[in-house]
Structure formats: structure tokens, C-alpha cells
Amino acid sequence: MTIEVGSQAPDFQLKDNHGRTVRLSEFRGEKNVVLVFYPFAFTGVCTGELCALRDELPRFENEGTQLLAVSNDSIHTLRVFAEQEGLEYPLLSDFWPHGETSRAYGVFDEDKGCAARGTFVIDKEGVVRWSVVNGLPDARDLNDYVKALEAL
């Protein structure tokens, strides 16, 4: 079951593509968070979505907002992916325990073994204010994220 709007966002602790530990709770009281789950690095739709975020990065990562992208890939895979695509925002690895954070947000696809395309806009108090979950082949619209952030 996907986390509902108005719920407290589950805290997590994941390694980023540089091996640094990132906790959602680090941003409480400081920044809104755009939390983007995606199935796999190096796949067509995922690469397109993450590069679109890269191209619009100031809208999603600034003094009031932090962008975090999560997949079930290893940190090593994410490091190479970020370098290859010029992704400068944190790519978080939900590799082990496999899919624990994706499951906490209700976006883990048990049959495929990966996260679905779930996005959560979380306010500074840690409350989910907007979300969307798309099927694996269906790209998301970044303008929806922008509207959700503007509404905070």
C-alpha cells in the first residue's frame, strides 16, 4: 500500500552514489524533499526522467528543496550511472536489505524486484503532501512536481 498524502513520511537511511549515508530526517525543519523512486539505472525511461531532473535541477534542489532519487541498484552502479549522465544530485541505493525503503513507501514491485515509479513531495515537517505512482513503462511529468512544490 502506497504511503498516503497527509501521512508522516517513513524515515530511512541509505547510502548515496558516493557511499555517504543520507537520512530523510536530516532535512526535517530545513528543506522540503522530492523523493523519486525509479526501477533501474541505465534503462531508457529512467535515464530520460533522471536527465530531465538534471536539466531542471534548480527547481528541485535549492535552498528550500532537496531532490533524492532512489533505486534498488548498488551504490557502484549508481556511481557510474551518475558520472555517465552528469547527475549531481544524490542517487540513493535501496539495494540491501533489498527494497526495504521502497517497501516502506509501498512502491516495491515484488514480481520485478525493483521500485515502481513513485514520487513523493515531503514538506519540512516530514509530511507527504503530494504523490504519484506510475507503472514501470510510464514516465512521470516533472511539471506535476513543480506544481506540488509551489503549493507548499
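- Annotation: ring pair (Phe, Tyr, Trp, His ring centres under 6.0 Å) contacts of Phe81 (sequence neighbours excluded): Phe42.
- Across all their heavy atoms, His98 and Gly113 have their closest contact at NE2-O, 2.9 Å.
- The minimum heavy-atom distance between Ala104 and Pro10, with the atom names listed, is O-CG, 3.7 Å.
- The aromatic rings of Tyr105 and Phe37 are tilted relative to each other, their planes meeting at an angle between 30° and 60°.
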**OP:** Kindly indicate, with the supporting measurements, whether the criterion side chain to side chain contact (heavy atoms under 4.5 Å, CB included) is fulfilled by Asp144 and Val132.
**Re:** CA-CA 9 Å; Asp144 292 341; Val132 66; 5.8 Å; no
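- Phe27 has its side chain within reach of Val22: a pair of non-hydrogen atoms, C-beta onward, lies under 4.5 Å apart.
- With a 6.0 Å radius and a threshold of 12 heavy atoms from other residues, nucleotides or ligands, Glu88 has its CD atom at or below the threshold.
- Side-chain atoms of Asn32 do not come within 3.5 Å of backbone N or O of Thr65 as any donor-acceptor pair.
- Side-chain atoms of Ser74 and Arg79, non-hydrogen and from C-beta on, never get closer than 4.5 Å to each other.
- Residues Asp94 and Thr101 approach most closely at OD1-N, 3.1 Å, considering heavy atoms.
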Original post:
Under the side chain to side chain contact (heavy atoms under 4.5 Å, CB included) criterion, do Gln8 and Val127 qualify, and how do the steps go?
Top reply: CA-CA 4 Å; Gln8 191 70 30; Val127 176; 3.8 Å; yes
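- In this structure the side chain of Val45 never reaches within 4.5 angstrom of the side chain of Pro137, judged on heavy atoms.
- Checked for salt-bridge contact, Arg140 and Glu49 meet the test: a charged N lies under 4.0 Å from a carboxylate O.
- Thr47 is listed as a side-chain neighbour of Glu85, based on a closest heavy-atom distance under 4.5 Å.
- Here Leu78 contributes atom CG and Leu14 contributes atom CG; the two are 10.5 Å apart, rounded to the nearest 0.5 Å.
- Here the closest heavy-atom approach between residue Ser102 and residue Asn72 is recorded as OG-ND2, 3.4 Å.
- With hydrogens and angles left out, the side-chain atoms of Thr119 and Tyr145 include a donor and acceptor closer than 3.5 Å.
- Of all non-hydrogen atoms in Lys112 and Leu136, the two that sit nearest each other are CG-CD1, 3.6 Å.
- The same ILVMFWY cluster, assembled from side-chain heavy atoms under 4.5 Å apart, contains both Val128 and Val70.
- Within 6.0 Å of CD in Glu4 there are 12 or fewer heavy atoms belonging to other residues, nucleotides or ligands.
- Without hydrogens or angle criteria, Asn17 side chain to Leu91 main chain gives a donor-acceptor distance under 3.5 Å.
- Contacts of Lys31 classified as side-chain hydrogen bond (donor to acceptor under 3.5 Å, both in side chains), with partners at least two apart in sequence or in another chain: none.
- Shortest non-hydrogen contact noted between Asp123 and Leu152 is CB-CD2, 4.2 Å.
- Salt bridge present: Arg59 and Glu56 bring a charged side-chain N and a carboxylate O closer than 4.0 Å.
- Side-chain heavy-atom separations under 4.5 angstrom define the hydrophobic clusters, and Ile75 shares its cluster with no other residue.
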